[in-house]
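Residue numbers start at 1 and run along the sequence shown. Read the numbers this way: they start at 1 and go in the same order the structure lists the ligands and their atoms. Model, not experiment: these values are computed from the prediction.
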Amino acid sequence: MKYISTRGNTESVTFKESVMMGLARDGGLLVPCEIPNVTDKLNDWMHLSFQELALEVISIFADDISKPDLKIIIDESYANFRHDEIAPHVKIGDFYILELFHGPTLAFKDIALQFLGNVFSYILQLRGGSLNILGATSGDTGSAAIYGVKGKPNINIFIMHPTGRVSPIQEMQMTSVIDKNVFNIGINGTFDDCQYIMKSTFSDLDFKDKYNLGAINSVNWSRVLAQIVYYFYSGLKIMKNYGSSSVRFSVPTGNFGNIFAGYLSAKMGLPIKELILATNENDILSRFFNHGDYTLREVLPTVSPSMDIQLASNFERYLFLKFNQHESFRSFIEHGTCKVEKERGYDIDPIFKACKGTTEETLNIIRKYYKNYNYVLDPHSALGVLAAEKIKSNIPTICLATAHPAKFSNTINDAIGMNATHEVLEALKGMPTQSDNVENDVNSVKQYLVDKLNNS
Ligand SMILES: *Cc1c(COP(=O)(O)O)cnc(C)c1O
């Protein structure tokens, strides 16, 4: 399988090259040059464990890694999960809640970032050299990425977070990792500032090459790839167990990475009737899928911070696959906005249904599911459940639970007057921490990287 850039100005690369490249060199995103159809495999895939299925799905796209090697990488990646099934579901009310938070940092990002960490190590073992990861986080990505590579030889990880703007628990999850290859950088600014510094640093290709920079944000194709697995895993299992011929998914969405993996699963032949895209008040994607309008607005802070995003980076991948030939794609690349109008013949995929939820609705859903079913949803997962309730259907509905509620204990307390806890988070209390403050400026961060690398 070869990967091409959405901007069309780089040569095609292999899977391993795509992993190391992260962002395409022309500033675009890497996408597979074809989407394989796997319809004839679904009957066999129904009976596989999560890890076995991961091997089948991932080997199609990562065909430059031998299957025995890939099996080792996959088994290692899911060995630290706290549930045998990796991605179990529970039936709650009318819905199947797919619990994706049983990894080391209690958010769904572990599923892809544990895998990516091991793929990085594998490639470095083969070809030698070192890798210096630079990433930005608004909360969950940072700790999941750090846990994916902490202690690994020849890899350093630098994660920027906006000082004082990630939750205390999320900050503690990052800064309590004191391995020598982990560098937490507090930036006196917003998440957008951190992301801007990251992108500017990557776009300095000389610097990127000289210091072997790598990406763990969802610009890295392997993150989307690893997420395809749980769509097939849960979809096939629920179809088999409940005798249904199709399913639908409800996905709390921020950067469009998770739901884009669902979209690719449908393209590959998984019978998905609907993909419900749930947003909070930062509803740019729900405006697009309901009205064809992708216009940037200011980011509002909400109780579901991992979805507080306006510029959804994976959206470029979707537009490329769907509207590559249309002026709307060019407008998106040039101006960051676009309008898709029905009457001009380009329609939006009917598979997407989009729905926005407010803070009040989020708290109400958490309260309702606790009261009726004794089940505590985190605020992100609650938005997905809310959207599934609003967009009714008789088709079995799988709601993705993207984080454990204990990560957002304050909001849970506001909703149900009780703290959500988890032993992993309790254990962090009182641990030593490490973090450096660096000025909110590209050159200061580059200088910090250079200083640390020269001293290590
Ligand atoms: C990252 C994250 C999301 C958003 O996922 P995207 O792939 O960015 O759409 C939703 N919920 C939680 C808990 C997250 O950490």
*Protein contact of atom 14 (C) of ligand 1 - nearest heavy atom, named by residue and atom, plus distance*: Lys109 NZ, 2.8 Å
*Mind running ring-ring contact (aromatic ring centres under 6.0 Å, His included) on Phe289 and Tyr318 for me, showing each step along the way?*
CA-CA 12 Å; Phe289 284 105; Tyr318 169 73; 5.6 Å; yes
_Out of all atoms in ligand 1, which are within 4.0 Å of some heavy atom of Phe256? Include the element for each._
6 (P), 8 (O), 9 (O)
*Do the two ring centres, one from His102 and one from Phe81, sit under 6.0 Å apart?*
no
_Tell me the contacting part of Thr402 for ligand 1: side chain, backbone, both, or neither, using a 4.0 Å heavy-atom threshold, strictly below._
both
*May I ask you to identify the nearest protein heavy atom to atom 7 (O) of ligand 1, giving residue, atom name and distance to one decimal place in Å?*
Asn258 N, 2.9 Å
*asked:* Once you measure the plane-to-plane angle for Phe260 and Tyr263, does it fall in the parallel (<30°), tilted (30-60°) or perpendicular (>60°) bin?
replied: parallel
*Against heavy atoms of Thr253, which atoms of ligand 1 measure under 4.0 Å?*
9 (O)
*Under 3.5 Å, side chain of Asp179 to main-chain N/O of Asn181, donor-acceptor pair present?*
no
*Would the His161 and Phe191 ring centres measure less than 6.0 Å apart?*
no
*Give yes or no for whether the N/O distance cutoff of 3.5 Å, strictly under, is met between Gly257 and ligand 1.*
yes
*Please confirm whether Phe108 and Phe101 have ring centers closer than 6.0 angstrom.*
no
*Distance from atom 8 (O) of ligand 1 to nearest protein heavy atom, with residue and atom*: Asn255 N, 2.7 Å
*Can you pull out the closest protein heavy atom to atom 9 (O) of ligand 1? Residue, atom name and distance to 0.1 Å, please.*
Gly254 N, 2.8 Å
*Of all heavy-atom pairs between Met268 and Phe61, which one has the smallest distance, and what is that distance?*
CE-CE1, 3.7 Å
*Would you say ligand 1 has an N or O under 3.5 Å from any N or O of Ala403?*
no
*Do ligand 1 and Asp140 have nitrogen or oxygen atoms that lie under 3.5 Å from each other?*
yes
*Within less than 4.0 angstrom of ligand 1, does Pro252 place any heavy atom?*
yes
*Aromatic plane relationship, Phe288 with Phe323 - under 30° parallel, 30 to 60° tilted, over 60° perpendicular*: perpendicular
*asked:* Taking distance alone, with N or O pairs closer than 3.5 Å, would you say Phe108 contacts ligand 1?
replied: no
